[in-house]
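Below, chain A is the first sequence line, B the second, and so on; all start at residue 1.
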There are 2 protein chains.
Amino acid sequence: MAEIPLRHRSPVSLRDCNLSKSFELIGDRWTLLILRSAFWGLRRFDDFQADIDVPRSVLSNRLAALVESGIMERREYREAGQRARIEYPLTRMGQALGLPFMAMTAWGDKWLADGISPLTLRSKSTGQKFSVALVDEGGKRAKGSDIEIVIHSRFARKRRR
Amino acid sequence: MAEIPLRHRSPVSLRDCNLSKSFELIGDRWTLLILRSAFWGLRRFDDFQADIDVPRSVLSNRLAALVESGIMERREYREAGQRARIEYPLTRMGQALGLPFMAMTAWGDKWLADGISPLTLRSKSTGQKFSVALVDEGGKRAKGSDIEIVIHSRFARKRRR
DNA sequence: TTCCTGAGTCTAGAATCTAGACCTAGATGA
DNA sequence: TCATCTAGGTCTAGATTCTAGACTCAGGAA
């Protein structure tokens, strides 16, 4: 992997950058852990609290922020003969974070655990392993040297220095 | 997209989870923004500082942590006739974060910016667009309903309740 | 000799985090 | 009827971290 060419300033401002906007919403240790638990199917306050041992006031704040940004939903539900309770399921927007999370997990497997993955994803029908990859429209994996970054002119910032 | 089945506890403990280990290293707003700048080719202390307007002491801490964890390298370099300076290039481990970051960017494009992407990735040779996807060994995209999660028995936690 | 630049450190006040106690409303048990 | 339990929180005080901005330090240039 070649070194990235030196530059002194990002060509897209933070204001226009959807990556930095994403980080503003979920780029915090507890938020990320809450989402991890949510992907496992957790939905209730006390379950989150026990699962990741987060301070209750922090959990409260983070859930409110996740609801505010549309990643989770705050919903009443009622089990037969029980009183109403609250649950926090992922919205479609939240579920769509699955792909970045899988990519992040694969990175962790490779670089933090010597390639040992506690879990793998595979096809129910064919049994083949799934993995996250950068592919073209036909599903062919991108080669590092063949990738070109195109910045939409409306967002491009003048190069300085 | 169907709802995730309810569960009360993650089947893999935080200790074994490479996703949570990853979050421990980079799951912090400033660290994420520093890495974003690094992917654009920034390498120098003052460039990072100006690019994302991070407090200098925080930048100093975060860079040290990134070096400590092997994501960046602290390196002296010398331009012709100049004194030695320091730069912080991404290591291979750091560059490998590119894929999760691209996935995250695509998420942000879709959900935070109405699908408007300041940047796209395409093939230099064929001009085709690249995108991050979950694919099988042959490059075929995974269908949500066909994905099965397999937890390696060594790491599986007993299901409670 | 003074200035400049890159790469930091230091400081004090503000904001946030943490552990843990407490609160509340409905269902349940005695 | 009264106390108890539970889910889903709030409140508090003390510890930690963050922030803006001033300062430092070394090597080269003017």
Between [X] and [Y], does at least one N-O distance fall below 4.0 Å, as a salt bridge requires?
X	Y	answer
B/Asp28	B/Arg62	yes
A/Glu148	B/Lys124	no
B/Arg44	B/Glu87	no

Starting at the 5' end of DNA chain C and moving along, which residue's nearest nucleotide shows up first, A/Arg62 or B/Arg85?
B/Arg85

Of A/Pro55 and B/Tyr77, the one whose nearest nucleotide on DNA chain C sits closer to the 5' end is B/Tyr77

[N] phosphate, OP1 or OP2: any side-chain N/O from [X] under 4.0 angstrom?
X	N	value
B/Arg44	C/dG8	no
A/Trp30	C/dT18	yes
B/Arg75	C/dA7	no
A/Tyr88	D/dG9	yes

Verify whether one side chain among A/Ser131 and A/Arg141 offers a donor that lies under 3.5 Å from an acceptor in the other.
yes

State, without any angle test, whether B/Asp51 and B/Ser37 hold a side-chain donor-acceptor pair at a distance under 3.5 Å.
yes

Which part of the nucleic acid, if any, lies within reach of A/Phe48 when heavy atoms closer than 4.0 Å are counted: base, sugar-phosphate only, or nothing?
nothing

Considering every strand and a 4.0 Å limit on heavy-atom distances, what is the contact class for B/Arg29: base, sugar-phosphate, or nothing?
nothing

Between [atom2] of [N] and [atom1] of [X], the distance in whole Å:
X	N	atom1	atom2	result
B/Glu79	D/dA29	CD	C1'	15 Å
B/Leu6	D/dA7	CG	C1'	14 Å
A/Arg78	D/dA7	CZ	P	15 Å
B/Gln82	D/dG27	CD	C1'	10 Å
B/Asp53	D/dA20	CG	C1'	10 Å
A/Ile34	D/dG8	CD1	P	14 Å
B/Leu59	D/dT17	CG	C1'	16 Å
A/Glu87	D/dT6	CD	C1'	17 Å

Take B/Ser10 and A/Phe39 through the test side chain to side chain contact (heavy atoms under 4.5 Å, CB included) and record every step on the way to the result.
CA-CA 9 Å; B/Ser10 301; A/Phe39 279 111; over 6 Å; no

Are B/Tyr77 and B/Phe48 connected, step by step, through hydrophobic side chains (Ile, Leu, Val, Met, Phe, Trp, Tyr) whose heavy atoms are closer than 4.5 Å?
no

All N/O contacts under 3.5 Å from nucleotides 9-12 of chain C to the protein, with atom names and distances to one decimal?
residue: C/dT9; atom: OP2; partner: B/Ser60; partner atom: OG; Å: 2.6

Taking the side chain of B/Val58 as its heavy atoms from C-beta onward, which of C/dA7, D/dG8, D/dT19 lies nearest to it?
D/dT19

Can you establish whether the number of heavy atoms outside B/Glu137 located under 6.0 Å from its atom CD is more than 12?
yes

Side-chain-base donor-acceptor pair under 3.5 Å for A/Arg83 and D/dT6:
yes

